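Here's the structure, in C-alpha cells; my notes come after.
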Amino acid sequence: MRNRYARNILCMTAVFCAAAVIGCGTKTVKDSDVVMEIAGQTVVKAEYQMILGDYESEIKRQYDTDTANREDFWTSGKTGERPLDQIMQLAEEELKEKKTIVQLAADLGMDAKTDYGTLAAQMDGDNDRRGAADESGDNVYGMTSFQMREYYDYVYTQLEYEVLEALKKKHEVSAEELQKIYEENQQAYTSDVRVKMLVAETMTESGNGMPSQAESSNTQTTQAESDNGQIWQVAEEMKENTDLQYLTEKYPYISFYELEMSSQNMQEGKSGAYMQRWLTSSTMQQGEVCEPFAIGENLLVMRCLERSEHAVQPFEEVEGLLKDNVQTDQAYEEIESRQREAEMKLTTTQDQLEKIALEALQVSSK
C-alpha cells in the first residue's frame with residue numbers, strides 16, 4: 001500500500017515538474033527582458049521588435065500584394081526560407097553592427113551608455129526638456145521631440161562617428177605610403193578639366209554690407225549701381241585687367257577672389273549652392289569672361305585665368321584627403337572584422353524568439 005502511494009506521489013511530482021518546465025519555456029517575455037546577447041551587449045525584447053519593424057516593408061516588397069497580405073505570410077515559404085527567417089536575419093545583422101560599435105567604444109575607453117532602458121530614459125528626459133523650452137519660447141535646436149527609433153539611431157550614429165575617428169588615429173600612415181598610393185592611383189586624381197578663375201561677386205539687394213542712410217546721397221547712388229549696373233562694368237573691366245588690388249580699390253563693394261576648380265574638386269560646398277560656378281567655368285577658355293549670372297541673392301562674373309585638361313592634381317593638394325581616406329578604410333576594416341567575429345547568444349529559445357518576432361509583425365500588420 002505504501003509503495004502504491006509512493007508511486008502516486010512520484011508520478012504527481014513528475015507531472016508538476018514537467019508543467020513547471022513547460023511553463024518556464026513558454027512564459028510571457030516582458031519588453032524589458034533580455035532576449036539575446038551580441039558582442040557582450042544585451043538586446044531586450046522591445047529593442048528587437050523595434051528593429052524588426054523597420055524591415056517589414058523591405059521584405060514585403062519582394063512579394064505580390066496578395067501574398068504579402070496572407071495571414072500566414074510570415075511563416076510560409078515556397079522556396080524553403082520563410083519571410084520570418086529573412087526579417088529576423090536582417091534585424092540580427094543590424095544589431096550585430098550596433099553592438100559591435102558599443103564593444104569597440106568600451107575597448108577604446110569610451111563610457112557609452114547605450115542599453116535600451118537607459119536610452120529610453122534619456123529620451124524621455126530630453127523630450128521633457130525640449131518640450132518645456134519650446135513652450136517657454138526658448139530656441140530648440142533640432143527636433144522638439146524624439147520617437148524611440150529616431151533617438152536610438154541618433155545615439156548609435158554619433159557613437160559610430162566617435163569610434164571611427166578614434167580608430168583612424170590609431171592607424172598612422174607615413175608620407176611615403178601616401179606617395180606610393182598616390183602614384184599607383186594617378187587616374188583617380190586626374191581631372192578632365194581644371195581651371196583657375198578670377199571671380200567678382202556682389203549682393204543683388206542694395207544696402208547689404210554697404211554704407212548707411214546717414215551717409216551722402218552720392219554714396220547711396222553708388223551703392224545702388226553696384227547691385228546690377230556695376231557688375232556689368234566689372235565684367236568689361238576684367239577683360240583688360242586681372243589685378244586683384246586694383247579691382248578691389250576701384251570697386252570696394254564687390255568681392256574679388258581667385259578660385260581653382262576641377263572635375264575632381266568643384267568647390268561647391270556642402271549645400272551645392274555654388275555648383276553654377278563650376279558649370280559655367282568648366283566650359284570657358286583661358287582669357288574668356290562670362291556674362292554676369294545670379295546665385296541666390298548674389299551676382300557673379302568670372303574670368304578664366306588658366307585652363308588645362310587631363311590634369312593630375314599635385315600630391316600636395318590631395319595628401320590630406322588621401323590620408324583621411326586611407327585611415328577611414330582601415331578603421332572600417334577593423335570594425336567589419338570585429339562584426340564578423342561577434343558572437344550572438346540567445347537567452348530565450350529559438351521558438352520563443354520567433355513568437356516575439358511574430359507578435360511585433362502581426363500587430364503592425366493589423
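Hydrogens, waters and symmetry mates play no part in the numbers below; they use all other heavy atoms, side chains included. Values in this document were obtained by computation on a predicted structure and should not be read as measured data. Positions are given from 1, in the same order as the sequence printed here.
- The OG1 atom of Thr100 sits 8.0 Å away from the CD1 atom of Ile38 when rounded to the nearest 0.5 Å.
- By the rule that hydrophobic residues join a cluster once side-chain heavy atoms approach within less than 4.5 Å of another member, Tyr161 and Leu104 end up as members of separate clusters.
- A 4.5 Å side-chain heavy-atom check between Arg338 and Gln103 finds at least one atom pair inside the cut-off.
- Within the structure, salt bridge (charged side-chain N to carboxylate O under 4.0 Å, His left out) contacts touching residues 343-352 (residues at least two apart or in different chains) are Glu37-Lys345.
- Not counting sequence neighbours, the partners of Tyr154 by the ring-ring contact (aromatic ring centres under 6.0 Å, His included) test are Phe146.
- Counting all heavy atoms, side chain and backbone alike, Met148 lies closest to Leu119 at CE-CB, 3.7 Å.
- Using a 4.5 Å heavy-atom cutoff, the side chains of Thr349 and Leu353 are not in contact.
- Phe256 contributes atom CZ, which lies 13.0 Å from atom CD of Gln245 (distance to the nearest 0.5 angstrom).
- The nearest pair of heavy atoms linking Ala166 to Met110 is CB-CE, 3.7 Å.
- Partners of Tyr182 according to the side-chain hydrogen bond (donor to acceptor under 3.5 Å, both in side chains) rule, which considers only residues two or more places apart in sequence or in another chain, do not exist here.
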Derivation and outcome, side chain to side chain contact (heavy atoms under 4.5 Å, CB included), residues Thr114 and Ile101: CA-CA 10 Å; Thr114 57; Ile101 290 294; over 6 Å; no

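- At least one side-chain heavy atom of Leu108 sits less than 4.5 Å from a side-chain heavy atom of Lys170.
- The side-chain heavy atoms of Glu92 and Met88, taken from C-beta on, include a pair separated by under 4.5 Å.
- Residues Ile51 and Arg149 are in side-chain contact: their nearest non-hydrogen atoms beyond the backbone lie under 4.5 Å apart.
- Within the structure, the side-chain hydrogen bond (donor to acceptor under 3.5 Å, both in side chains) test picks out the following pairs touching residues 279-289 (sequence neighbours left out): Gln276-Thr280.
- The main-chain N or O of Ala188 is never found under 3.5 Å from a side-chain atom of Asn185 such that the two would form a donor-acceptor pair.
- Note that OH of Tyr152 is 13.0 Å distant from CE of Met123, once rounded to the nearest 0.5 Å.
- Two residues are said to be in side-chain contact when any heavy atoms from C-beta on lie closer than 4.5 Å; Leu178 and Phe315 meet this criterion.
- Scanning for salt bridge (charged side-chain N to carboxylate O under 4.0 Å, His left out) contacts around Asp124 gives an empty result, with sequence neighbours left out.
- Between Phe73 and Tyr63, the angle of the ring planes goes over 60°, which puts this pair in the perpendicular group of the 30/60° scheme.
- In this structure, CD on Glu297 lies 11.5 Å from OG1 on Thr202, to the nearest 0.5 angstrom.
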Start with the C-alpha distance between Thr348 and Met36, add both sets of side-chain angles, then the distance that settles side chain to side chain contact (heavy atoms under 4.5 Å, CB included), and finish with yes or no. CA-CA 7 Å; Thr348 63; Met36 66 180 70; over 6 Å; no

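- The list of salt bridge (charged side-chain N to carboxylate O under 4.0 Å, His left out) pairs with a residue in residues 114-123, not counting sequence neighbours, is empty.
- Counting all heavy atoms, side chain and backbone alike, Val195 lies closest to Cys304 at CG1-SG, 4.4 Å.
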Would you check, one step at a time, whether the test side chain to side chain donor-acceptor pair (under 3.5 Å) holds for Gln233 with Glu237? CA-CA 6 Å; Gln233 295 177 27; Glu237 186 86 50; over 6 Å; no

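- Among all heavy-atom pairs drawn from Val29 and Lys45, the shortest one is O-NZ, 2.9 Å.
- Taken together through direct or relayed side-chain contacts under 4.5 Å among Ile, Leu, Val, Met, Phe, Trp and Tyr, Tyr48 and Tyr55 form part of one hydrophobic cluster.
- To the nearest 0.5 Å, atoms OH (Tyr274) and CG (Leu279) are separated by 14.5 Å.
- Using a 4.5 Å cut-off between side-chain heavy atoms of Ile, Leu, Val, Met, Phe, Trp and Tyr, with links allowed through other members, Tyr257 and Val234 fall into different hydrophobic clusters.
- Each of Glu160, Glu94, Glu47 was checked for a salt bridge (charged side-chain N to carboxylate O under 4.0 Å, His left out) with Lys99, and the lone residue meeting it is Glu47.
- When atom types are taken as modelled, the side chain of Ser262 and the backbone of Ser191 share no donor-acceptor pair closer than 3.5 angstrom.
- At a threshold of 4.5 Å between side-chain heavy atoms, the hydrophobic network of Ile, Leu, Val, Met, Phe, Trp and Tyr places Tyr332 and Leu322 in two separate groups.
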What's the verdict on side chain to side chain donor-acceptor pair (under 3.5 Å) for Glu334 and Ser337, showing C-alpha distance, side-chain angles and the deciding distance? CA-CA 5 Å; Glu334 185 170 346; Ser337 175; over 6 Å; no

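- The CG atom of Leu361 sits 12.0 Å away from atom CD1 of Ile356, with the distance rounded to the nearest 0.5 Å.
- Connection of Leu305 to Met266 is not established within any shared hydrophobic cluster, with ILVMFWY side chains joined at heavy-atom distances below 4.5 Å, either directly or through further cluster members.
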Trace of the side chain to side chain contact (heavy atoms under 4.5 Å, CB included) decision for Leu259 with Met261: CA-CA 6 Å; Leu259 182 66; Met261 291 177 283; 3.7 Å; yes

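- The minimum heavy-atom distance between Ala235 and Val289, with the atom names listed, is O-CG1, 3.7 Å.
- Within the 4.5 Å cutoff, the side chain of Leu358 has heavy atoms near those of the Trp74 side chain.
- Between His171 and Gln327 the shortest heavy-atom distance is O-NE2, 2.9 Å.
- Applying side-chain contact (heavy atoms from CB on, under 4.5 Å) to Cys290 and the options Met238, Arg277, Met197, Met302 leaves one that passes, Met302.
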Step by step, would you call Gln86 with Gln62 a side chain to side chain contact (heavy atoms under 4.5 Å, CB included)? CA-CA 11 Å; Gln86 293 177 298; Gln62 302 173 30; 3.5 Å; yes

